[in-house]
*Asks:* 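Shown below is the structure under consideration.
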Amino acid sequence: MFTSKFSSNNANAKPIKKRIGLLTSGGDSSGMNAAVRSIVRVAISHGCEAYAVYEGYEGLVQGGDMIKKFEWSDVRGYLSIGGTLIRTARCQSFREHKGRLKAAYNLIKNGIDALIVCGGDGTLTGADTLRSEWPELTKELIKNGELTEEEVAPHTNLTIVGIVCSIDNDMALTDITIGAVTSLHRICEAVDSISSTAFSHSRAFVIEVMGRHCGWLALMAAISTGANYVFIPERPPEAEKWKKEMCESLEKQREAGKRNTIIIVAEGAIDDNLKPIKADDIRKLLVDVNIDTRVTTLGHIQRGGRPCAYDRNLATLQGVEAVEAVLRATPDTPSPMISVRENKLVCEPLMKAVELTHQVSEAIAEKNFRRAMELRDPEFSEGYEAYLSTTFMNNIVPPQGNHSLKIGIIHIGAPAGGMNAATRAAVRVSINRGHKPIAIYNGFTGLLQENVRELNWLDVDDWTSKGGSELGTTKVEANNLELIACQLQKQGINALLLIGGFEAYSTLIKLTEARDKYPAFCIPMVCIPATISNNVPGTEFSLGSDTSLNSIVDSCDVIKQSASASRRRVFVVEVMGGYCGYLAVMSGLAVGATNIYAPEYGLSLKTLQEDVNHLVRRFGADTKRTSSGRLILRNELVSNTYTTDVIANIIQTEGKGLFDSRTSILGHIQQGGSPSPMDRIRAKTFAVKCVSFLEKHAHFSNPSEKMKLPEVYTKDPESAAVIGIKGAQIVCTPVTELAEETEFEKRKSQKAWWINVKPLVELLSKWGYSDNEPIEGDMNIGCDLISSD
Ligand code: ADP
């Protein structure tokens with residue numbers, strides 16, 4: 001996802017007093033509130049003051065009550081709420097000089113000389129214009145007699161930092177924008193529901209999604225839902241051909257037995273003559289070929305509502321970066337935009353990003369579609385190709401060297417969101433490349449029972465949205481290597497795709513190590529990491545981990561609601577993860593936990609004592625009893641002694657009536673139901689690349705060779721690998737290399753990119769102020785942070 005260089009020391013950094021204004025503007029998106037919460041709290045923790053400007057630039061122009069100093073507690077409960085609580089508005093007057101003059105006046109009157117703006121390209125442009133005009137505006141205010149030279153003197157410059165909030169994910173120089181993933185969640189939920197109706201009635205649905213100049217939502221929705229056709233502005237179909245091609249393709253699918261047809265159209269879809277393609281035009285075409293077709297325009301439902309885990313964490317981390325960017329800024333540096341590149345948070349020049357963004361629509365207008373595609377992030381065009389190769393059967397590319405592989409696909413270990421989506425994609429790409437996908441049911445136990453079958457195109461049709469494991473999975477490890485080798489040989493399997501968690505990884509190691517003894521394992525083998533725990537070496541994310549995070553966040557929101565009603569209650573919530581604290585840490589950030597107990601940090605009596613002191617202090621300061629509950633997230637294996645019950649009892653006893661405590665063990669609910677869009681997209685990307693990997697490493701032996709070898713034979717260490725996400729790359733790392741970074745007893749990787757997130761969770765729950773320092777001023781009043789805060 002993304003890493004932040006934030007460390008807890010920042011909380012103790014030398015205070016730099018600055019008045020930072022913040023506003024949300026343009027279209028609202030889910031996660032804006034999380035950004036506001038983070039900016040306010042991180043600003044305060046740096047010794048700054050935070051001023052929320054209501055209704056975007058409208059508030060800046062109007063001033064007065066529309067600009068309000070925010071305290072720590074003003075943003076409590078913000079994390080889980082969609083839209084923007086400090087509101088947004090389109091403001092015509094800010095586009096004019098007069099409006100910006102008033103804005104400058106109000107900023108100076110409030111002593112604000114840094115502004116963090118959250119919005120789209122319009123918002124960012126407006127802010128940068130204000131900054132560039134600042135010297136003239138201030139001079140004009142003095143000249144008009146509205147401000148004195150003394151008043152203006154401390155504000156010679158205006159610092160601007162942009163955070164991109166847009167459901168369209170349409171901004172250049174950043175891979176993702178706040179709100180886009182939540183929007184995708186809503187679209188997927190809607191399309192999944194429509195799909196079942198489409199199936200029942202054997203209907204086609206044309207679904208229009210947002211995106212006037214950007215097809216990201218439409219394409220990702222098509223990938224995530226397994227839609228049968230997609231229209232996006234960046235890849236317009238040929239005007240002369242598309243109608244006939246689409247009808248023929250959909251008719252062919254129907255003849256093959258398909259009952260439900262889903263077509264996704266971006267709002268701004270066009271053909272290559274720039275003629276708009278509208279949902280109703282498509283409907284008419286399909287009706288003409290006797291397909292019962294309806295149109296659904298998803299509209300504002302896509303704005304999001306409750307933000308998903310990804311957007312909460314993205315917005316929170318970007319908020320931290322934005323405040324730090326304000327503190328780093330100099331009058332000479334161009335205004336920065338907080339951006340995600342290569343899964344890291346970086347600053348990019350704001351106006352360059354805006355310019356490049358506009359170039360996409362210009363390229364489309366000039367029919368330079370290749371350029372439009374290039375301006376999108378690399379994942380976009382790769383995603384489009386992957387979509388084509390798993391959606392249309394006519395896309396056959398001859399297999400490498402004209403050899404066909406029999407690719408065994410097996411699920412191992414506990415189910416995780418995305419296993420079925422990965423299998424579907426692997427099956428379809430295999431078929432399109434002339435290979436045979438062989439399903440091995442019920443793990444290696446099933447293989448030994450010869451529970452094996454070739455899958456066809458339609459067998460896996462609706463697997464994208466299915467949770468669990470359609471192939472069935474067992475926890476039995478590959479112990480009986482001889483019998484497994486025998487069966488692989490008997491079934492003629494000459495390439496193997498393992499989908500699962502740490503067990504799948506360790507099985508792959510065993511098979512690789514046994515290659516000298518059993519030639520059946522001298523075939524290309526690749527593992528797609530699929531486990532909620534996110535503990536498999538070789539990847540920053542495993543399939544299922546995002547689904548699980550969302551499931552935990554959903555549950556915690558409900559628990560929080562209960563805790564809020566009871567006011568003074570601390571919930572100790574136990575989450576899975578084995579010896580890996582990923583789920584605890586990242587869900588802790590997304591729900592605003594008070595603390596996280598995870599194996600990577602250990603858990604001692606001293607920690608518990610400090611936490612109890614912290615709670616006594618927080619609840620004790622809440623004289624008005626406005627405080628709601630708090631959450632502590634405990635990883636299941638953090639300590640044998642301090643179990644969830646023991647911790648809750650300690651908290652209850654030490655609370656001495658000031659607060660009480662309850663436990664909640666989330667259990668298997670954490671595997672999630674239907675996989676999240678992120679897991680579905682990752683599943684497709686992994687699977688398509690895995691088939692290429694298997695092809696690349698399938699060395700076909702020469703039949704004239706004297707020594708009798710199987711048709712496919714390789715002992716190359718590179719030919720047994722784990723696929724994974726590393727930064728912005730998808731890479732296959734040989735298992736032999738991964739052994740070094742593996743803690744086998746703890747069943748996890750030594751690498752944990754998220755390890756430094758815990759100090760931020762502590763800072764956002766006001767740990768930086770507690771227990772060792774006297775409480776002063778408004779902190780005393782405002783310390784009623786709640787579970788989410
Ligand atoms: P978004 O930020 O989502 O692109 P808009 O384009 O509506 O949304 O911009 C939000 C607000 O930013 C506008 O209502 C206006 O106040 C301000 N704004 C947009 N473009 C400019 C501009 N070129 N100059 C000054 N202000 C602008």
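Both ligands and their constituent atoms are indexed starting at 1 by order of listing.
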*Asks:* Distance to 0.1 Å, residue and atom name: give those for the protein heavy atom nearest to atom 16 (O) of ligand 1.
*Replies:*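 Looking at atom 16 (O) of ligand 1, the protein heavy atom closest to it is C91 O, 2.7 Å.
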*Asks:* In terms of side-chain geometry, is the basic nitrogen of R682 or D546 positioned less than 4.0 Å from the acidic oxygen of its partner?
*Replies:*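 Looking at R682 and D546, the cut-off is not met.
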*Asks:* For atom 24 (N) of ligand 1, what is the closest protein heavy atom, and at what distance to 0.1 Å?
*Replies:*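 Checking every protein heavy atom, the shortest distance to atom 24 (N) of ligand 1 gives G126 CA, 4.0 Å.
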*Asks:* Output the list of atoms in ligand 1 that are nearer than 4.0 Å to some heavy atom of G26, sorted by atom number.
*Replies:*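 Selected atoms, number and element: 1 (P), 2 (O), 3 (O), 8 (O), 10 (C).
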*Asks:* Using a strict threshold of under 4.0 Å (side-chain N to carboxylate O), is an ion pair present between D168 and R212?
*Replies:*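 D168 and R212: not salt-bridged.
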*Asks:* Relative to atom 9 (O) of ligand 1, which among G122, A127, S166 owns the nearest non-hydrogen atom?
*Replies:*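 When every heavy atom of G122, A127, S166 is considered, G122 comes closest to atom 9 (O) of ligand 1.
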*Asks:* What protein heavy atom lies closest to atom 8 (O) of ligand 1? Include the residue and the distance to one decimal.
*Replies:*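 That would be R90 NH1, 3.1 Å.
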*Asks:* Under 4.0 Å from a heavy atom of G120: give me the atoms of ligand 1 that qualify, with their elements.
*Replies:*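 Going through ligand 1 atom by atom, the ones under 4.0 Å from G120 are 1 (P), 2 (O), 3 (O), 4 (O).
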*Asks:* Within the structure, does D121 bring an N/O atom to less than 3.5 angstrom of an N/O atom in ligand 1?
*Replies:*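 It does: an N or O of D121 is found under 3.5 Å from an N or O of ligand 1.
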*Asks:* Please determine if R186 and E189 form a salt bridge, counting it only when a charged side-chain N lies under 4.0 Å from a carboxylate O.
*Replies:*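 A salt bridge is present here (some side-chain N lies under 4.0 Å from a carboxylate O).
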*Asks:* Could an N or O of ligand 1 be found under 3.5 Å from any N or O of G119, whether backbone or side chain?
*Replies:*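 There is no such contact.
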*Asks:* Can you tell me which residue pairs pass the ring pair (Phe, Tyr, Trp, His ring centres under 6.0 Å) test with a partner in residues 114-162, sequence neighbours excluded?
*Replies:*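 For residues 114-162, and leaving out neighbouring residues, there are no ring pair (Phe, Tyr, Trp, His ring centres under 6.0 Å) pairs at all.
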*Asks:* Check R312 with D557, please: is the shortest side-chain N to carboxylate O separation under 4.0 Å?
*Replies:*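 Looking at R312 together with D557, the answer is yes, because their closest N to O distance falls below 4.0 Å.
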*Asks:* May I ask you to test the L317-E321 pair for a side-chain heavy-atom distance under 4.5 Å?
*Replies:*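 No; the side chains remain at least 4.5 Å from each other.
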*Asks:* Got I39 and V75 here, is their nearest side-chain heavy-atom distance under 4.5 Å?
*Replies:*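 Result no, sub-4.5 Å side-chain heavy-atom pair not found.
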*Asks:* In a table with atom names and distances, give each donor-acceptor pair under 3.5 Å that connects a side chain of residues 114-127 to protein atoms at least two apart or in another chain.
*Replies:*
from, atom 1, to, atom 2, distance (Å)
D121, OD2, H358, NE2, 2.9
T123, OG1, S25, O, 3.4
T123, OG1, S25, OG, 2.9
T125, OG1, D121, O, 2.6

*Asks:* Any idea which atoms of ligand 1 are less than 4.0 Å away from a heavy-atom of G27?
*Replies:*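 Near G27, the atoms of ligand 1 are 3 (O).
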*Asks:* Measure T125 to ligand 1 on non-hydrogen atoms and call it side chain, backbone, both or neither using the 4.0 Å cut-off.
*Replies:*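 The answer is the side chain of T125.
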*Asks:* Students should be able to answer this: which protein heavy-atom is nearest to atom 10 (C) of ligand 1, and at what distance?
*Replies:*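 Of the protein heavy atoms, S25 OG, 3.4 Å lies nearest.
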*Asks:* Less than 4.5 Å apart, any side-chain heavy atom of M337 and any of K352?
*Replies:*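 Not in contact.
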*Asks:* Counting heavy atoms only, which part of F94 comes closer than 4.0 Å to ligand 1: side chain, backbone, both or neither?
*Replies:*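 Contact part for F94 vs ligand 1: both backbone and side chain.
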*Asks:* Tell me, which protein residue and heavy-atom name are nearest atom 2 (O) of ligand 1, and how many Å apart are they?
*Replies:*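 Protein heavy atom at minimum distance: T123 OG1, 2.4 Å.
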